[in-house]
Amino acid sequence: MVEPWDGDGPVRYERRGHVAYVTLNRPAVLNALDLRTHELLGRVWDEIDADDDIWLTVLTGAGDRAFSVGQDLKELAGRVRAGTAGASSFGSNGGAGWPRFTERFDWTKPTIARVCGYALGGGFELALACDIIVAADNAVFGLPEARLGLIPGAGGVFRLTRQMPYRVAMGYLLTGRRMNAAQAYRYGLVNDVVPVDRLDEAVDEWVRDILECAPLSVRAIKEAVGRSAHLSLPEAFAGHYPWEERRRHSRDAREGPTAFAEKRRPRWTGT
């Protein structure tokens with residue numbers, strides 16, 4: 001069980017019913033991701049993944065200035081000067097918090113990114129790894145790594161070119177340019193753009209709608225989408241999806257049609 005941290009800790013983790021709320025909690029540095037934050041996030045993801053009674057996760061950043069500006073560059077510069085940084089490339093194998101959320105390719109629980117303010121570098125990559133992005137109208141997205149002699153190695157290179165038109169994505173990747181919330185919405189990167197004072201309400205609406213669905217159905221859908229993205233349609237239909245096997249033999253698979261026939265709301269159990 002992950003022990004709760006106080007309000008000054010770099011990560012806040014709270015569970016409300018079937019929903020896990022994870023908050024990057026370093027607002028003074030725009031929720032930059034240092035090694036301690038990655039370490040704690042790894043523990044949180046492990047717990048959420050292991051608990052079948054958690055059906056949904058909301059990831060956000062503390063304050064209204066930033067979701068996250070990505071890697072803590074001051075910490076990185078200190079490690080470079082000390083000769084302890086090592087060479088980095090794609091992924092975080094062996095690093096703090098590995099496997100990080102951006103590399104948990106078998107993650108089947110839906111995850112909502114609640115984005116207020118800056119989502120840059122690794123922060124943007126975290127959001128891109130989520131299933132739904134709800135953005136405040138002050139949100140700013142970008143991958144500035146090329147301007148820093150770095151690379152978007154937490155999935156930005158791969159996910160951005162899959163989630164928006166190729167040449168548009170390359171324009172942002174090769175220049176480090178930023179896009180505002182309206183542009184991100186136009187390119188299909190975010191699901192909703194709302195005023196800052198409506199952000200929590202909009203996130204709650206998505207949470208409510210997802211929780212009205214059978215949790216095993218949601219997990220089976222997410223798993224099938226992820227596992228079949230590179231397959232032809234015949235291969236996708238013939239694929240093996242463990243969460244779909246659980247769903248099709250579940251109590252909830254019988255509960256849904258029964259509740260419909262009886263004109264009542266289904267009572268999902270996740271079993």
Side-chain angles (χ1 to χ4, degrees), residues 10-11 22 24-42 44-45 59-63 65-105 107 111 113 115-130 133 135 138-181 183-184 187 189-190:
V11 176
V22 180
L24 307 173
N25 190 37
R26 304 184 74 213
V29 290
L30 302 181
N31 300 314
L33 303 167
D34 63 359
L35 296 181
R36 177 61 174 162
T37 300
H38 281 303
E39 177 190 346
L40 294 177
L41 282 172
V44 168
W45 301 135
L59 175 64
T60 191
R65 297 173 60 206
F67 175 77
S68 172
V69 294
Q71 184 168 201
D72 188 326
L73 293 177
K74 288 186 178 179
E75 181 190 62
L76 175 60
R79 290 190 288 120
V80 168
R81 287 192 295 269
T84 60
S88 64
S89 185
F90 297 111
S92 62
N93 193 2
W98 182 83
R100 296 177 185 174
F101 184 71
T102 51
E103 299 162 73
R104 295 189 179 230
F105 306 116
W107 187 268
T111 306
V115 177
C116 191
Y118 295 111
L120 303 177
F124 190 14
E125 290 172 302
L126 273 174
L128 289 172
C130 295
I133 300 177
N138 71 343
V140 178
F141 302 90
L143 294 169
E145 283 85 351
R147 293 174 177 251
L148 300 165
L150 304 173
I151 194 168
V157 166
F158 310 118
R159 288 190 170 99
L160 197 67
T161 50
R162 286 164 165 79
Q163 295 181 24
M164 66 189 302
Y166 172 82
R167 285 183 179 81
V168 178
M170 290 300 290
Y172 284 103
L173 286 165
L174 297 178
T175 65
R177 290 180 180 179
R178 298 177 179 183
M179 71 183 85
N180 60 33
Q183 290 171 311
Y187 296 136
L189 286 177
V190 304

For Leu33, does its backbone N or O pair with a side-chain atom of Asp72 as donor and acceptor, under 3.5 Å? no

Could you list the donor-acceptor pairs under 3.5 angstrom formed between side-chain atoms of residues 145-152 and any protein atom two or more places apart in sequence or on another chain?
residue : atom : partner : partner atom : Å
Arg147  : NE   : Thr175  : O            : 2.6
Arg147  : NH2  : Thr175  : O            : 3.0

In chain order, what residues pass the ring-ring contact (aromatic ring centres under 6.0 Å, His included) check against Tyr118, with sequence neighbours excluded? none

Between the OH atom in Tyr172 and the CG atom in Leu143, the distance rounded to the nearest 0.5 Å is 11.0 Å

Please confirm whether the backbone N or O of Arg26 pairs with a side-chain atom of Asn31, one donor and one acceptor, at under 3.5 Å? yes

Does Tyr166 OH have over 12 foreign heavy atoms under 6.0 Å away? no

Using salt bridge (charged side-chain N to carboxylate O under 4.0 Å, His left out) as the criterion, list what pairs up with Glu103, not counting sequence neighbours. none

With rounding to the nearest 0.5 angstrom, report the CH2 to CG distance, Trp45 to Leu59. 4.5 Å

Whether the side chain of Arg177 engages the backbone of Gly171 through a donor-acceptor N/O pair (distance < 3.5 Å, no angle test) should be reported. no

Using only atom types and a distance under 3.5 Å, with no angle test, would you say the side chain of Arg100 pairs donor to acceptor with the backbone of Leu41? no

Please indicate whether Arg65 has more than 12 foreign heavy atoms, meaning atoms of other residues, nucleotides or ligands, lying under 6.0 Å from its CZ. no

Checking the side chain of Gln183 only, and the main-chain atoms of Asn180 only, is there a donor and an acceptor separated by less than 3.5 Å? yes

